[in-house]
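Worth saying up front: this structure is predicted, and the values here are computed from it rather than measured. One is the number of the first residue; the rest follow in order along the sequence.
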Amino acid sequence: QDAEVVRTRDPQRLAQCEVVVDVGGEYDPERHRYDHHQRSFTESMKSLKPDKPWTTKLSSAGLVYCHFGSQILAGLLEQPEDGPVVTALYDKLYENFVQEIDAIDNGIPQAEGEPRYALTTTLSARVGHLNPRWNDPEQDTEVG
C-alpha cells in the first residue's frame with residue numbers, strides 16, 4: 001500500500017529495490033526478482049508447479065502470478081489458499097488470461113496448426129497504446 005513504484009533499468013537503483021519485476025536480468029524469488037529476459041530462462045507454470053499442466057514459458061507477469069496469485073485470490077475471496085474455490089479460480093485465470101500474456105510477451109504464436117493458447121483479450125494492444133509511438137518526439141513514458 002505504501003510502496004513506491006520506480007521505473008528504471010539502472011542496476012544501482014534496482015539493487016535498492018525490495019521487489020524487481022520485468023527488468024534486472026534475474027529470476028530469484030527468494031530475493032523477489034522476477035525477470036524472464038535471460039537467455040537461460042525457461043520456466044513454465046508446470047516447471048515451477050508440477051501439478052499444473054501449462055508449459056508456456058512464463059513472462060514476468062506469469063512469474064508474479066505463479067508466486068502470488070493464490071495468496072491474492074485467497075485474500076480477496078476470504079477463502080483458504082489451498083481450498084477448491086481458490087484453486088479452481090487460480091487455474092481458470094491462468095488458462096484464460098495470464099497464459100495469453102505469457103505467450104505474447106515471449107513471442108509464442110497462438111498456433112502452428114492446433115492453437116496453443118486461447119486468445120481472449122486484446123490486453124497487449126491496450127498496453128501498447130500506453131507507450132509512445134516510435135516517431136513521437138516525446139518518448140518519456142512517465143508523461144501522461
Q. What are the two closest heavy atoms between V86 and E81, and how far apart are they?
A.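 V86 and E81 have their closest heavy atoms at CG1-O, 3.4 Å.
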
Q.
I need the minimum non-hydrogen distance between P80 and A74, along with the two atoms involved.
A.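 Heavy atoms only, the tightest pair is C-CB, 4.2 Å.
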
Decide yes or no for [X] and [Y]: does some side-chain heavy atom of the first lie under 4.5 Å from some side-chain heavy atom of the second?
| X | Y | value |
| --- | --- | --- |
| K46 | W54 | no |
| D35 | V21 | no |
| V19 | R33 | no |
| V23 | V20 | yes |
| H67 | L48 | yes |

Determine whether [X] and [Y] fall in the same hydrophobic cluster, where Ile, Leu, Val, Met, Phe, Trp and Tyr are linked whenever their side-chain heavy atoms lie under 4.5 Å apart.
| X | Y | value |
| --- | --- | --- |
| M45 | Y27 | yes |
| L76 | Y65 | yes |
| L89 | V64 | yes |

Which value, rounded to the nearest 0.5 Å, describes the distance between [X] atom [atom1] and [Y] atom [atom2]?
| X | Y | atom1 | atom2 | value |
| --- | --- | --- | --- | --- |
| E26 | R31 | CD | CZ | 4.0 Å |
| T87 | D51 | OG1 | CG | 8.5 Å |
| H37 | S59 | NE2 | OG | 8.5 Å |
| S47 | L58 | OG | CG | 6.5 Å |
| S60 | N106 | OG | CG | 8.5 Å |
| Y90 | Q71 | OH | CD | 11.5 Å |

Q. Knowing that exactly one of V98, N96, D91 qualifies, which makes a side chain to side chain contact (heavy atoms under 4.5 Å, CB included) with Y94?
A.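 Going through the options one by one, the only one that passes is V98.
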
Q: Could you label the plane-to-plane angle of the F68 and Y34 rings as parallel, tilted or perpendicular, counting under 30° as parallel and over 60° as perpendicular?
A: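 Rings of F68 and Y34: perpendicular, as their planes differ by over 60°.
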
Q: For Q99 and T56, test the side chains for any donor-to-acceptor distance below 3.5 angstrom and give the result as yes or no.
A: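 Side chains of Q99 and T56: pair found under 3.5 Å.
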
(Q) Checking D102 against K57 for the salt bridge (charged side-chain N to carboxylate O under 4.0 Å, His left out) test, could you report, in this order, the C-alpha distance in whole Å, the side-chain angles of both residues, the deciding distance, and whether it holds? (A) CA-CA 7 Å; D102 289 341; K57 181 181 168 184; over 6 Å; no

